[in-house]
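Notes follow the structure.
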Amino acid sequence: MSRRLAVLALAAMLSACGDDSSTVPIADGGADAAVDMPAPRPDATFEATEGGYLVFHRVQTPDSRSMFATLVPNLVQGDLDPRAALELSGVSRARVFGDKIYTFDGETGVCTRWNVGPDLEIAPDVLADGEAAELSFAGLGVSRFTDLILFASEERAFLIDTIFQDLVIEWNPTTMLITGSGDAGLRRDDLDTNAGRFTRVGERFFIPVSWTSFSGGFEATAAVAVLDLADADGLTLLEDPRCAATSDLFLVDGRVHAVQDNVGGLATIALPEGEGPPPPCVLRLDEAGAAFDPSYLVDLRALTGFPHVSGAVSLGDGTFVTHVYTSDIDPRGLSLFDVLGNALWQRAIVDLRAETATLEPELAPAGISAVGWVVDGSYLVPRADADGTGSTLYALTPGGPFELLSVPGEFFRVERLR
């Protein structure tokens with residue numbers, strides 16, 4: 001089964017669930033699509049035929065925070081031993097690009113490139129002159145790393161720093177040199193800039209953006225930042241006041257769709273009843289990708305039947321996985337961190353073409369900090385242990401949920417190495 005067909009089969013399976021799922025058509029009467037249940041995946045063991053997988057996870061205690069990057073030949077090895085991993089400190093990241101691993105250490109501000117051997121052994125890479133393949137961003141004031149690491153080619157990559165600065169940094173992954181920097185143009189006074197999963201279309205990167213603060217402030221606007229490789233000195237910002245707090249982007253029929261959730265950093269749930277931004281929705285950009293399409297809006301509150309929606313992972317063909325707040329507990333009475341990590345959410349599959357939303361309770365409860373990923377054509381989702389000390393990865397396949405490996409702490413990212 002191809003990767004695309006496996007993902008579509010997953011969407012079909014979730015839409016066709018029996019008594020354990022609830023299907024909520026949108027207000028104008030959309031109906032479920034008739035589908036044939038596919039056979040279980042023959043490769044449900046997730047054994048990589050070549051290459052392997054990068055597993056990136058965090059172990060946090062009241063006194064420390066460590067990030068671990070581990071390469072594994074498959075995703076069903078049971079418990080993962082962090083002693084066999086690359087350990088990073090602070091707000092760090094690890095990325096796969098080409099046949100290399102790039103780590104970004106949030107304590108030192110240094111990016112390191114690593115070679116991967118045939119048995120997945122990891123060794124520091126070197127440059128053409130024999131020097132270590134390292135690049136420090138500390139001189140530009142970067143001390144923490146978010147997910148805004150964009151690889152365009154072997155010669156061009158970008159780091160967008162929105163934590164303490166408003167900076168776009170261009171660098172070369174081959175020579176490990178910084179080649180330029182400029183203002184990102186994303187700052188909002190007294191608010192933090194948040195960004196979700198970006199997508200690339202041709203020579204442009206589209207990045208979802210929102211602005212919130214831990215004190216409860218927020219900017220009630222949908223926003224997408226565009227990085228054009230032909231003019232990468234800064235970003236073009238597209239905004240739309242119909243919805244608020246853009247969380248994730250994905251493509252449908254070649255057009256960028258943006259999920260706007262009214263949680264977005266959880267600022268809005270603290271507002272008094274009757275106040276706040278518009279309901280969560282899906283918007284899309286026009287065919288040129290130059291502005292929001294004023295004729296398109298999908299109301300996710302009406303579609304799901306629930307007022308709070310968070311995040312999106314595209315499954316292809318106009319479907320995506322999101323979180324919906326299904327608890328009877330009024331979120332306005334909860335703290336930010338209670339809502340971020342608690343079990344008041346369930347996952348749902350939204351089908352924009354069939355105009356349906358289907359709850360998927362098998363993997364509930366679901367804290368909204370981990371939406372999941374599509375890897376090798378299947379939706380992978382982490383689920384925290386009851387005591388909060390570890391997490392287990394599951395694959396939702398056409399044959400049913402499939403338990404994969406476990407890690408201490410929390411999954412941050414899983415991706416194919418080659």
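Numbers for residues simply follow the sequence, beginning at 1.
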For this session: State whether the number of non-hydrogen atoms from other residues, nucleotides or ligands found under 6.0 Å of Glu155 atom CD is greater than 12.
Result: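 It does: Glu155 CD has more than 12 such atoms within range.
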For this session: Would you kindly check if the NZ (Lys) or CZ (Arg) of Arg416 is within the cone defined by 45 degrees around the ring axis of Tyr53 and under 6.0 Å from the six-membered ring centre?
Result: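 So Arg416 does make the cation-pi contact.
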Shortest non-hydrogen contact from [X] toward [Y]:
| X | Y | answer |
| --- | --- | --- |
| Ala290 | Leu238 | O-CD2, 3.3 Å |
| Ser310 | Thr322 | O-OG1, 3.1 Å |
| Ile160 | Ala184 | CG2-CB, 4.4 Å |
| Phe151 | Trp171 | CE2-CH2, 3.7 Å |
| Val96 | Leu417 | CG1-O, 3.3 Å |

Could you tell me whether [X] and [Y] make a salt bridge, using a distance below 4.0 angstrom between a side-chain N and a carboxylate O?
| X | Y | value |
| --- | --- | --- |
| Arg204 | Asp228 | no |
| Glu355 | Arg353 | no |
| Arg113 | Glu134 | no |
| Asp293 | Arg255 | yes |
| Arg242 | Asp299 | no |

Is there a donor-acceptor pair under 3.5 Å between the side chain of [X] and the backbone N or O of [Y]?
| X | Y | result |
| --- | --- | --- |
| Asn172 | Met176 | no |
| Arg413 | Ala69 | no |
| Tyr379 | Val313 | no |
| Asp240 | Phe292 | no |

Would you say [X] and [Y] make side-chain contact, with heavy atoms under 4.5 Å?
| X | Y | answer |
| --- | --- | --- |
| Val224 | Val209 | no |
| Phe206 | Arg200 | no |
| Thr174 | Glu154 | yes |
| Leu140 | Ile169 | yes |
| Leu88 | Phe145 | no |
| Val309 | His323 | no |

For this session: For the residue pair Ser406 and Thr392, confirm or rule out a side-chain donor-acceptor distance under 3.5 Å.
Result: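 A donor-acceptor contact under 3.5 Å links the two side chains.
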Problem set entry | Test of ring centre spacing under 6.0 Å for Phe412 and His57 |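 No: the rings miss the under 6.0 Å criterion.
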Exercise. Do Phe56 and Phe68 have their ring centres less than 6.0 Å from each other?
Worked result: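 For Phe56 and Phe68, the ring centres are not under 6.0 Å apart.
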Exercise. Under 30°, 30 to 60°, or over 60°: which ring-plane class applies to His257 and Phe250, parallel, tilted or perpendicular?
Worked result: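 Parallel, since the angle between the ring planes stays under 30°.
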For this session: Show the numbers, then the answer: is there a salt bridge (charged side-chain N to carboxylate O under 4.0 Å, His left out) between Glu239 and Arg188?
Result: CA-CA 13 Å; Glu239 297 188 60; Arg188 291 287 195 273; 2.9 Å; yes
Problem set entry | Sole candidate of Ile349, Thr356, Leu352 that passes side-chain contact (heavy atoms from CB on, under 4.5 Å) when paired with Thr319 |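 When Ile349, Thr356, Leu352 are each tested with Thr319, the side-chain contact (heavy atoms from CB on, under 4.5 Å) holds only for Ile349.
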